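Worth knowing before you read on, the calculation uses all heavy atoms, side chains too, and leaves out hydrogens, waters and symmetry mates. Whatever order the structure lists ligands and atoms in, that order sets their numbers, starting from 1. Bear in mind the structure is a predicted one, so any value in this text is a computation, not a measurement. Index from 1, following the sequence.
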Amino acid sequence: MRPGYNVPMSAGLDTLKSALPRESWTEDTGVIAPYLVEWRDKYFGKTPLMLMPADTGEVQTAVKICSDHDIKIVPQGGNTGLVGGQIPRNEVLLLTKHLDKIRSVNPATHALIAEAGVTLLAVQEAAKAAGRKFPLSLASEGSCTIGGNLSTNAGGMHVLKYGTAKDLVFGVEAVLPNGDIFNGLTDLRKDNTGYDLSRLFLGAEGTLGIITAASLKLFPQPLQIQRVMVGITGIADALALLDRCRVGEALAMFEVMPRKGIELVIQHIPGMRDPFTDAHPWYALIDWEVGDSDMGLSIAESVIGAALQEGLVNDAVIAQSETQASNLLMLREHMSAAQKPYGASIKFDITIPIDRIPDFMDVAYGAVQKTVPGCEPFAFGHLGDGNIHYDVFQPENMDKDAYLEHWPDMSEAVFDVVDCFDGSISAEHGIGVMKKDDLAKRADPIKITMLRAIKKTFDPKNIMNPRVLV
Ligand SMILES: Cc1cc2nc3c(=O)[nH]c(=O)nc-3n(C[C@H](O)[C@H](O)[C@H](O)COP(=O)(O)OP(=O)(O)OC[C@H]3O[C@@H](n4cnc5c(N)ncnc54)[C@H](O)[C@@H]3O)c2cc1C
């Protein structure tokens with residue numbers, strides 16, 4: 001028997017190993033190590049066994065055995081989650097990386113069925129090859145997986161036009177905690193036959209079962225994307241500009257970045273350069289999806305020209321080619337990576353009713369300064385959705401670890417302000433391990449009771465990702 005595990009767990013692990021093909025599991029600590037730490041180096045895990053099932057049948061076999069032996073499971077996709085939900089702490093780790101097939105693409109029904117471990121980028125490319133668009137778009141898209149995207153109800157840069165991950169799904173296939181397979185793969189846009197069970201898995205963070213495949217909604221390819229980056233003075237001006245940018249259904253992205261973010265990207269990411277001659281306190285990155293390049297240029301020139309005259313915008317770069325558009329996007333996509341060398345930060349992913357964001361920023365500034373004097377707030381992200389990534393950097397001369405000890409009191413301070421502004425403590429990253437206590441404390445008690453009742457119905461033995469969400 002392995003030290004640290006009781007008899008049933010050890011027997012269960014042996015049963016798992018003998019039931020699955022040799023290449024579908026490993027105990028090699030060297031192989032497992034990279035899967036036990038997440039992107040921000042905030043959570044470090046431990047597992048007795050890592051499973052890498054090749055198909056839904058193998059997932060079913062593994063889950064049934066775990067259920068019989070009361071073995072707890074943590075599912076992991078691309079390991080880009082930012083709230084610790086994919087990192088095991090003695091549970092069995094189940095990787096979906098070998099569930100990597102695109103099962104079908106149907107341009108006629110605008111549906112694509114992908115297995116859970118297919119990366120978001122691979123889905124986007126498969127859709128494009130079929131003359132369609134899958135609009136979910138995150139800076140982590142080369143690594144994150146469809147299973148992870150749906151389980152976290154990911155957002156990203158095109159929510160403004162297309163919604164979050166849950167708006168982009170017809171249905172899912174999932175292995176339930178007792179090993180049964182729920183088959184919700186469909187491409188029907190209308191199906192009023194009771195509760196929409198597939199949706200229960202969206203945003204469930206692996207607590208109700210393992211998504212093994214999903215039928216995703218595709219869209220027509222936009223003929224032209226017109227991208228513009230503008231320099232602005234403050235968030236209030238950005239909000240006014242956002243309003244001007246809503247031209248019919250064309251607006252697809254409206255992201256904001258502070259000057260500090262542009263400086264960090266230029267300093268730390270090779271090949272990045274400032275597209276402006278002068279520095280500006282804030283920047284907005286805007287996309288319109290339109291019929292052709294003339295239409296794109298005409299919208300950009302008229303909207304931004306008027307905003308320049310009104311004084312809402314200080315300067316503008318209108319992308320004239322795909323390369324230029326892609327270089328502008330890179331500045332936004334590297335915003336998280338470029339922060340890493342700058343120092344420790346306590347990170348929040350919040351939504352505020354959009355018209356209250358400028359006031360929120362003022363009140364939150366006071367609250368974080370009161371908690372750790374000299375700290376440096378750094379806000380960026382999906383302003384068009386009211387979603388701010390509000391990161392608070394350590395004061396210049398403070399020890400990194402000493403600063404990070406303030407995570408709980410900083411959370412308390414920021415979340416109190418979020419509550420005052422009727423916002424949400426998690427806009428898109430989910431609850432995971434990180435915000436579980438905050439959710440329990442701050443959410444409507446009836447909501448918590450309902451979440452727990454659903455969890456208990458599906459997973460009475462609490463074997464599926466037992467430490468996250470509820
Ligand atoms: C640089 C960077 C930028 C990011 N930008 C954004 C952004 O703009 N918007 C956004 O929403 N997020 C963003 N994220 C967060 C992250 O990429 C998303 O949460 C993503 O959806 C996670 O996918 P994943 O495959 O990496 O999941 P993982 O990290 O592996 O897992 C995340 C959660 O889902 C569960 N899970 C994973 N696969 C399954 C499955 N098949 N079945 C059941 N449960 C499963 C895990 O147990 C865990 O709880 C970013 C992350 C990084 C590092």
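A salt bridge does not link D167 with K217: none of the charged nitrogens is closer than 4.0 Å to a carboxylate oxygen. Taking 4.0 Å as the cut-off between side-chain N and carboxylate O, R227 and E289 do not count as a salt-bridged pair.
Residues that satisfy the side chain to side chain contact (heavy atoms under 4.5 Å, CB included) test with N183, not counting sequence neighbours, are L185.
Within 4.0 Å of ligand 1, protein heavy atoms belong to W39, P75, Q76, G77, G78, N79, T80, G81, L82, G85, Q86, T96, A116, L138, A139, S140, C144, T145, G147, G148, N149, S151, T152, A154, G155, G156, E205, G206, G209, I210, I211, H382, E428, H429, N465, listed by chain and number.
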Do any side-chain atoms of residues 386-394 form donor-acceptor pairs under 3.5 angstrom with protein atoms, and if so which ones, sequence neighbours left out?
residue, atom, partner, partner atom, Å
N387, ND2, D349, OD1, 3.3
N387, ND2, I350, O, 3.1
H389, NE2, H382, NE2, 3.4
H389, NE2, E428, OE2, 3.2
D391, OD2, Q339, NE2, 3.3
D391, OD2, K347, NZ, 3.4
Q394, OE1, A344, N, 2.5
Q394, NE2, M398, O, 2.8

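For residues 451-466, every residue pair satisfying the salt bridge (Lys or Arg N to Asp or Glu O under 4.0 Å) rule, not counting sequence neighbours, is listed here: K455-D459.
L218 has its side chain within reach of V105: a pair of non-hydrogen atoms, C-beta onward, lies under 4.5 Å apart.
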